Protein chains: 2
Amino acid sequence: MAVSFRQLRESAPGVFGDGCPTRTVLDHVMSKWGVLVLMALTDGTARWGELKRTVDGVSEKMLASTLRTLVDDGLVARVSYPEVPPRVEYSLTARGEELMARMMPLMAWIGDNADDILAR
Amino acid sequence: MAVSFRQLRESAPGVFGDGCPTRTVLDHVMSKWGVLVLMALTDGTARWGELKRTVDGVSEKMLASTLRTLVDDGLVARVSYPEVPPRVEYSLTARGEELMARMMPLMAWIGDNADDILAR
DNA sequence: CCGTATCCTCAAAGATACTG
DNA sequence: CAGTATCTTTGAGGATACGG
């Protein structure tokens, strides 16, 4: 394997310790709705209503709080147009694209193997 | 980007829909303690006590249930030696290694960027 | 159309004690 | 050493109604 947990920890002591920044970011991007929203945005810019439809099962409350967290983290950009009716567009930032470039291979593998994994 | 959410969904319709197998596996491997246990095992075989020390902050209850889930999913192997005192060793299966080969680059990136992300 | 505000529930997770 | 059993807590998340 290219990199181990030990190597990660030794490259930056304290990383992945209880309550450290890495754990916080981990909770944001690996959260149930966080991953799904980020994945939906790999399709490109999307409006609120699109996201609500694409991210199957998400409540308005969770979509709102998930998006706010990801915007605060600088992973998602929010652009609101002063029109009537309102239009708001979400997209990945450059940083978000970097993250998803690393996450999508993992998601593809999970998609390919999920059935096998649960067939036990 | 190499692969998008749309491509994933079109390659296997229903994947990532609410309640589908992919969501379940996602919840297992992306869970707070799931990732950390899996990461700890990228260092190689580890005993229960080692895992409890390495995975900072995990309770015995959560370590037990997390390990049981991962063993059931065929991602982690459990070998118990009939000795006194008992010795039990956990390690990644071939399938677990495949998963972590795709997850560690993501973890490395998060480790590198966590401070920046939260400094806003 | 795009959210926010409020209330409420229940299951995940912690604490503690105990055992093969 | 490697867990299990039991009880309690808490906050993530759902439902609903309303506002800009």
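Every value quoted in this text rests on a predicted model; they were computed, and no experiment measured them. So that the names make sense, note that chain A is the first sequence line, chain B the second, and so on, each numbered from 1. No hydrogens, no waters, no symmetry mates; every other heavy atom, side chains included, goes into these values.
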Distance in angstrom units between [X] [atom1] and [N] [atom2], rounded:
X	N	atom1	atom2	value
A/Arg87	C/dC2	CZ	P	9 Å
B/Glu60	C/dC18	CD	P	14 Å
A/Leu63	C/dG3	CG	C1'	10 Å
B/Lys52	C/dG14	NZ	C1'	11 Å
A/Asp56	D/dG14	CG	P	12 Å
A/Met30	D/dA12	CE	C1'	18 Å
A/Asp27	C/dA13	CG	P	10 Å
A/Met62	D/dG13	CE	P	4 Å

* What distance separates B/Leu36 CG from B/Leu51 CG, expressed to the nearest 0.5 Å? -> 11.0 Å
* Asked: With a 4.0 Å cut-off on heavy atoms, is B/Lys32 in touch with a base, just the backbone sugar-phosphate, or nothing at all?
  -> nothing
* To do: Identify whether any heavy atom of A/Tyr81 sits under 4.0 Å from a base atom; if not, whether one sits that close to sugar-phosphate; answer base, sugar-phosphate or nothing.
  => nothing
* Taking NZ, NE, NH1 and NH2 as the nitrogens, is one of them in A/Arg23 or B/Asp56 under 4.0 Å from a carboxylate oxygen of the other? -> no
Would you say [N] has OP1 or OP2 under 4.0 Å from some side-chain N or O of [X]?
X	N	result
A/Arg78	C/dG3	yes
A/Arg47	C/dC2	yes
A/Trp48	C/dT4	no
B/Tyr90	D/dC1	no
A/Arg68	C/dT4	yes

* What closest approach, in Å, do B/Ala40 and B/Thr54 show between heavy atoms, and which atom pair accounts for it? ->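 Heavy-atom minimum between the residues: CB-CG2, 3.9 Å.
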* **Shortest non-hydrogen separation from B/Thr93 to B/Ala77 and the atoms involved** => CG2-N, 3.7 Å
* Under 3.5 Å, is there a donor-acceptor pair between the side chain of A/Thr42 and the main chain of A/Met39? -> yes
Heavy atoms from C-beta onward define the side chain here; which of [options] lies closest to that of [X]?
X	options	answer
B/Ala64	D/dG13, C/dG3, D/dT4	D/dT4
A/Pro85	D/dG13, C/dC1, D/dT4	C/dC1
A/Lys61	D/dG14, D/dA17, C/dA13	D/dG14
A/Trp33	D/dC7, C/dG20, D/dG14	D/dG14
B/Val88	D/dA2, C/dG14, C/dC1	D/dA2

